[in-house]
Amino acid sequence: MTGDAGGDMLSWDESVFRDESVFEIDHVPETFRHRESQLESLKYALRPAVRGSRPLNTMVRGPPGTGKTTAVQKLFGELGARTDVRTVRVNCQVDSTRYAVFSRLFEGIFDYEPPSSGISFKKLFGQITDRLVEEDDVLVVALDDVNYLFYENEASDTLYSLLRAHEAHSGAKIGVIVVSSDLGLDVIDDLDTRVQSVFRPEEVYFPVYDATEIYDILFERAKRGFHDGVIGDAELERVADLTAESGDLRVGIDLLRRAGLNAEMRASKTIAEEDVESAYDKSKHVHLSRSLRGLSESERALVRVLAENDGERAGTVYEAFHEETDLGYTRYSEIINKLDQLGVIEAEYADVEGRGRSRELSLAYEAEAVLDRLE
């Protein structure tokens with residue numbers, strides 16, 4: 001379907017999009033459907049903060065693309081607009097150490113970044129809590145993608161500092177929301193016992209959206225993001241079906257945007273099924289793209305080596321990795337564990353004749369898809 005009639009062709013200054021930002025993954029929608037009970041549970045936990053007390057700590061869990069981050073952003077927006085409660089959401093995929101987390105809190109409270117060097121954690125921590133006590137403010141911290149703190153062995157220290165703040169600095173009122181998309185991670189069990197003794201969170205679970213909910217949400221996005229008549233029922237149903245197969249709403253949102261761009265590339269005013277199908281090849285890897293984006297240079301180097309040596313034994317992969325980065329086996333092993341936890345690779349132990357047990361490494365995605373996204 002490439003030869004549209006003249007009246008169905010876009011002129012050079014026209015677009016199928018009414019508001020393309022609606023299809024950004026971190027866009028917070030005006031209407032947030034099918035998460036009413038989860039929002040109520042979060043509001044219950046945060047209600048003491050509105051009264052000037054420490055809120056209840058909360059653990060938010062659920063698969064990727066189920067609305068966890070949007071729910072937190074929605075509530076933080078409401079708190080900021082209607083109350084004096086301070087809120088800071090930390091993206092732990094980016095800020096994956098205790099110091100980085102507290103630097104982000106400092107920035108959220110003082111509206112400027114702390115010095116990049118020369119300030120100890122103790123001083124940074126003290127300045128944050130002193131300001132909270134001075135202003136008699138309540139701070140709610142959301143550790144989004146907290147699983148990344150666990151991958152870097154920083155979770156226990158970070159949470160311990162936050163949860164004990166009121167003991168170290170009398171009058172400091174801090175509540176914590178931890179958000180995890182890694183269902184294989186047992187947040188409580190994987191914390192130090194010193195943290196377990198003080199961390200008794202309310203639990204809020206976000207299940208995968210069902211097919212009807214997915215269609216509802218995507219319909220709303222399409223209505224706000226596209227001009228009238230750009231996407232038909234059949235095409236939207238196809239987007240919803242592909243999204244349901246993936247189990248990740250972000251796939252569908254990205255798919256709508258890419259399908260719109262494909263239609264524009266054909267200078268068409270309407271999205272055809274071929275636009276959806278060709279867009280899906282890229283949109284289905286939204287989770288992979290996001291995981292790779294948060295990796296350090298050495299971690300990306302190992303993923304590249306794995307993609308180029310897919311199916312090889314860990315020893316062979318290590319040699320290639322060491323040659324490229326000059327890093328030792330300990331760091332190599334740590335990165336393997338992290339990539340395995342992230343779901344980028346699969347690392348399984350197998351018996352090797354004459355060598356005992358060795359890890360077999362394989363990519364969880366096609367090597368070509370991985371290499372494309374490392375460019």
Side-chain angles (χ1 to χ4, degrees), residues 1-36 39 63-71 73-74 77 206-290 292-293 369 372-373 375:
M1 179 180 167
T2 53
D4 289 11
D8 292 327
M9 297 288 282
L10 285 173
S11 62
W12 67 273
D13 60 344
E14 286 184 306
S15 173
V16 299
F17 296 103
R18 189 195 309 273
D19 181 0
E20 195 172 347
S21 70
V22 164
F23 302 113
E24 295 294 332
I25 298 301
D26 58 358
H27 173 78
V28 180
E30 287 181 37
T31 52
F32 186 44
R33 298 169 180 264
H34 307 298
R35 286 295 180 251
E36 290 78 11
L39 282 171
T66 50
K68 301 181 299 299
T69 297
T70 302
Q73 288 174 310
K74 198 85 175 160
F206 283 64
V208 172
Y209 291 108
D210 65 30
T212 305
E213 291 169 342
I214 286 170
Y215 182 87
D216 272 357
I217 294 165
L218 295 179
F219 177 84
E220 187 71 29
R221 289 284 176 113
K223 188 170 75 174
R224 292 182 184 277
F226 291 128
H227 289 299
D228 294 344
V230 166
I231 187 165
D233 288 342
E235 290 73 27
L236 191 57
E237 285 277 8
R238 181 61 180 148
V239 172
D241 288 345
L242 290 168
T243 306
E245 279 177 33
S246 74
D248 187 339
L249 186 67
R250 294 174 305 188
V251 169
I253 293 167
D254 189 69
L255 186 48
L256 285 174
R257 185 178 71 87
R258 289 184 186 276
L261 292 172
N262 285 349
E264 287 196 337
M265 200 178 294
R266 297 186 298 106
S268 172
K269 290 183 178 178
T270 56
I271 292 171
E273 190 169 334
E274 70 186 55
D275 297 320
V276 175
E277 299 299 339
S278 62
Y280 185 60
D281 284 338
K282 289 188 175 172
S283 294
K284 67 183 177 183
H285 292 308
V286 160
H287 185 66
L288 170 63
S289 299
R290 190 167 177 273
L292 295 179
R293 217 169 25 241
D372 279 352
R373 283 153 186 81
E375 293 303 318

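- A salt bridge does not link Arg250 to Asp254: none of the charged side-chain nitrogens sits closer than 4.0 Å to a carboxylate oxygen.
- With a 4.5 Å cut-off on side-chain heavy atoms, Asp26 and Thr69 do not count as touching.
- The number of heavy-atom neighbours closer than 6.0 Å to NZ of Lys282, taken from other residues, nucleotides and ligands shown, is 12 or below.
- In this structure, the separation between CG on Asp248 and OG1 on Thr243 is 8.5 Å, given to the nearest 0.5 Å.
- Nearest heavy atoms, Arg266 versus Glu274: CD-OE2, 3.5 Å.
- Take Asp216 and apply the side chain to side chain donor-acceptor pair (under 3.5 Å) test, not counting sequence neighbours, and it matches His34.
- Residues forming a side chain to side chain contact (heavy atoms under 4.5 Å, CB included) with Ala244 (at least two apart in sequence, or on another chain): Ile214.
- Taking each heavy atom of Asp19 and Arg224 in turn, the nearest pair found is CB-O, 3.9 Å.
- A donor-acceptor pair under 3.5 Å is absent between the side-chain atoms of Thr70 and the main chain of Gly67, judged by distance alone.
- Looking at Val286 and Leu255, their side chains never come closer than 4.5 Å, going by heavy atoms from C-beta outward.
- Contact record, His285 with Ala369: NE2-CB, 3.6 Å, taken as the closest heavy-atom pair.
- For the pair Ile231 and Ala222, the tightest heavy-atom approach, listed with the atom from each and the gap, is CG2-CB, 4.0 Å.
- Surrounding CZ of Phe219 are at most 12 heavy atoms belonging to other residues, nucleotides or ligands under 6.0 Å away.
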Start with the C-alpha distance between Val16 and Leu10, add both sets of side-chain angles, then the distance that settles side chain to side chain contact (heavy atoms under 4.5 Å, CB included), and finish with yes or no. CA-CA 8 Å; Val16 299; Leu10 285 173; 4.0 Å; yes

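- Residues Glu273 and Glu235 share a closest heavy-atom pair of N-CG, 3.9 Å.
- In this structure, Asn262 CG and Ile271 CD1 are separated by 8.5 Å, a value rounded to the nearest 0.5 Å.
- Side-chain atoms of Lys68 come within 3.5 Å of backbone N or O of Pro63 as a donor-acceptor pair.
- In Asp281, the CG atom is crowded: over 12 heavy atoms of neighbouring residues, nucleotides or ligands sit closer than 6.0 Å.
- Scanning for side chain to side chain contact (heavy atoms under 4.5 Å, CB included) contacts around Thr212 gives Asp210, with sequence neighbours left out.
- Residues passing the side chain to side chain donor-acceptor pair (under 3.5 Å) test with Glu237, sequence neighbours excluded: none.
- Residue pairs satisfying the ring-ring contact (aromatic ring centres under 6.0 Å, His included) criterion with at least one member in residues 220-243, sequence neighbours excluded, are listed as follows: Phe17-Phe226, Phe23-Phe226.
- Note that CD of Glu24 is 6.0 Å distant from CZ of Arg257, once rounded to the nearest 0.5 Å.
- Side-chain N or O atoms of Arg35 include one that pairs as donor or acceptor with a backbone N or O of Thr66 at under 3.5 Å.
- Enclosure of atom CD in Glu30 is not indicated, since only 12 or fewer non-hydrogen atoms of other residues, nucleotides or ligands lie within 6.0 angstrom.
- In this structure, the side chains of Glu245 and Lys284 stay at 4.5 Å or more apart for every pair of heavy atoms.
- Looking at heavy atoms from C-beta onward, Leu242 lies out of side-chain contact with Val251 at the 4.5 angstrom threshold.
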Show your working on side chain to side chain contact (heavy atoms under 4.5 Å, CB included) between Arg238 and Glu277 and close with a plain yes or no. CA-CA 9 Å; Arg238 181 61 180 148; Glu277 299 299 339; 2.6 Å; yes

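- For the atom pair NE2 of His287 and CZ of Arg290, the computed distance is 8.0 Å after rounding to the nearest 0.5 Å.
- Residues Ala259 and Ala279 share a closest heavy-atom pair of N-CB, 3.8 Å.
- Residues forming a side chain to side chain donor-acceptor pair (under 3.5 Å) with Glu264 (at least two apart in sequence, or on another chain): Ser15.
- Distance CG/Asp241 to OH/Tyr215: 10.5 Å, rounded to 0.5 Å.
- The line from CD of Glu213 to CG of Leu249 is 10.0 Å long, rounded to the nearest 0.5 Å.
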